[in-house]
Amino acid sequence: MPELPEVEVVRRGLQDHVVGRTVERAVLTGARVARRHGAGPADLAARVAGSRVRAVDRRGKYLWLVLDPPHDDPQALVVHLGMSGQLLVEPPDAPREKHLHAAFDFADDGPQLRFVDQRTFGGLALAGLAPDRHGPRAYGIPEPVLHIAPDPLEPAFDRAATVRRVRAKDTELKRVLLDQTVVSGVGNIYADEALWRAGVHGRRRGAALTGPTIGRVLDHAADVMREALGQGGTSFDALYVNVNGASGYFDRSLAAYGQAGRPCPRCGTAIVREEFMNRSSHFCPRCQPRPRVRRPG
DNA sequence: CTACTGACCTGTTTGC
DNA sequence: TGCAAACAGGTCAGTA
C-alpha cells in the first residue's frame, strides 16, 4: 500500500522521466478519477495540455507535478495513489491496462505517463499553489494539500510541535499517527512498525504518554520510512510498483505488520493481530503492553 | 471545535 | 466445486 516511502519512490521516478517535458494531450477515462477536480475530467485534460512539467513535489502521501501552462501562473496536478494507484511511464503503444484511468502524451513523442488504479481510491486534480505556512518551499503547496501536516522526512517537520500536538489529543496514539493533519506520510504499515520499534501499544492515549516517548515513536516512524525508501518501498504484490512497474523489497524487513503468529524478532513472543479502526493492528504483546486502563468505547 | 464512523472500490483469499 | 463473506485500507463527508 502506498505510504510515504512508496510515494517518494514514485516521485523520484517521475522526476527522472517527466520533468522538463511538455504535455501534448491528456485522456481521462470516466469521471471518478477526477472526482476531486470540481470542473470535471474534460476540464482537467484541456487545461493540462500544453503545460511543461517544471518539478515533481510531495508532502506525505500527496504527490504533485508543478506545471507551467503557456500563458498562466504555475499550477499543480495533484495525484493521490489511494490504496492501489500506480503512475507508470510506458511507451505509448504499450498494452492498455485494465484499470487505466488517465494517459498523458508528451510533445516529444516519448514515453507516456499513465495513472492506473484498480480500486480508484486515488485520483487526480488540478489546483493552484499557495505559500506553505510551515516554511519556505520552492513552488508552494497545492490548495487541496494545505491541510496536510509536514511529513517526518521534510525540512519543515517540527518534531517538538508534533509531540505537543500528539499529547494534546485525547485519543489513541495509533489513531493520531494515522491522522495526516498531525503528521503525514504514515499509514497502517509504518504505524505498526514504528510502534513496535518504540515498544509502545497503539491504544495508549496521546495525552497519557510522556513527550520523550512520543518523540521516540516519531523518530522510529522516520527511521523505518527512511529504511523502506532505501529498499525501494514495501509491497506484497503487484499493486504497488514504481514508475517502471517494479516492486520494493522492504516487506522482507517487517517485524510486526502482517506477521500475526510469527515470533517477535526482539523477544520471540507471537505477534498478535487485532481489529482497530476497521483495519488490522499488529503488535508484540510482551514488548508493547496494552494500556492498563481502557476507557469505554 | 473535537472525536469518531461509514462509504467509497475491486481483486484475492478464506470458509462453508 | 461454487458461492459468499472476509480482507486489504487512505481519505473525507457526515454525525454526535
Judged by modelled atom types alone, do A:H282 and A:D192 share a side-chain donor-acceptor pair under 3.5 Å?
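Looking only at side-chain atoms, A:D192 and A:H282 do form a donor-acceptor pair, the distance falling under 3.5 Å.
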Answer yes if the side chains of A:H134 and A:D158 hold a donor-acceptor pair under 3.5 Å, and no otherwise.
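Absent: no donor and acceptor within the cut-off.
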Considering only NZ, NE, NH1 and NH2 on the basic side and carboxylate oxygens on the acidic side, decide whether A:D151 and A:K61 come within less than 4.0 Å.
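A:K61 and A:D151: not salt-bridged.
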Any carboxylate oxygen within less than 4.0 angstrom of a Lys/Arg side-chain nitrogen, looking at A:R59 and A:D132?
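Judged by the 4.0 Å cut-off on N to carboxylate O distance, A:R59 and A:D132 do form a salt bridge.
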With sugar-phosphate meaning primed atoms plus P, OP1 and OP2, does [X] contact a base, only sugar-phosphate, or nothing at under 4.0 Å between heavy atoms?
| X | result |
| --- | --- |
| A:Y62 | sugar-phosphate |
| A:R36 | sugar-phosphate |
| A:R32 | sugar-phosphate |

Quick one: on DNA chain B, does A:R35 or A:A168 contact a more 5' nucleotide (nearest heavy atom)?
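Nearer the 5' end of the strand: A:A168.
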Let me know, please, whether A:N278 or A:K98 comes out on the 5' side of the other along DNA chain B by nearest nucleotide.
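Its nearest nucleotide being more 5', the pick is A:N278.
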Taking only N and O in the side chain of [X], is any of them less than 4.0 Å away from OP1 or OP2 of [N]?
| X | N | value |
| --- | --- | --- |
| A:R175 | B:dC4 | yes |
| A:H147 | C:dT11 | no |
| A:K169 | B:dA3 | yes |
| A:S280 | C:dA8 | yes |
| A:H80 | C:dG10 | no |
| A:Q180 | C:dT11 | yes |
| A:N188 | C:dA8 | no |

Quick one: [X] [atom1] to [N] [atom2], roughly how many Å, whole number?
| X | N | atom1 | atom2 | answer |
| --- | --- | --- | --- | --- |
| A:Q118 | B:dG11 | CD | P | 5 Å |
| A:I148 | C:dT11 | CD1 | P | 6 Å |
| A:E3 | C:dA8 | CD | P | 14 Å |
| A:E97 | B:dT10 | CD | C1' | 17 Å |
| A:Y190 | C:dG10 | OH | C1' | 15 Å |
| A:D179 | B:dT2 | CG | P | 10 Å |
| A:D192 | C:dG10 | CG | P | 10 Å |
| A:D117 | B:dC8 | CG | P | 16 Å |

Polar side-chain contact A:R119-C:dG10 base: donor and acceptor under 3.5 Å:
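No such pair is found, so the answer is no.
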A:V176, A:F283: one ILVMFWY side-chain cluster at the under-4.5 Å cut-off?
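No, because A:V176 and A:F283 fall into different hydrophobic clusters, even though each may have its own neighbours under 4.5 Å.
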Distance check, rounded to the nearest 0.5 Å: A:T213 atom OG1 versus A:L218 atom CG?
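Those atoms lie 11.0 Å apart.
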On DNA chain C, check which nucleotide each of A:M277 and A:R273 is closest to and give me the residue with the more 5' one.
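The answer here is A:R273.
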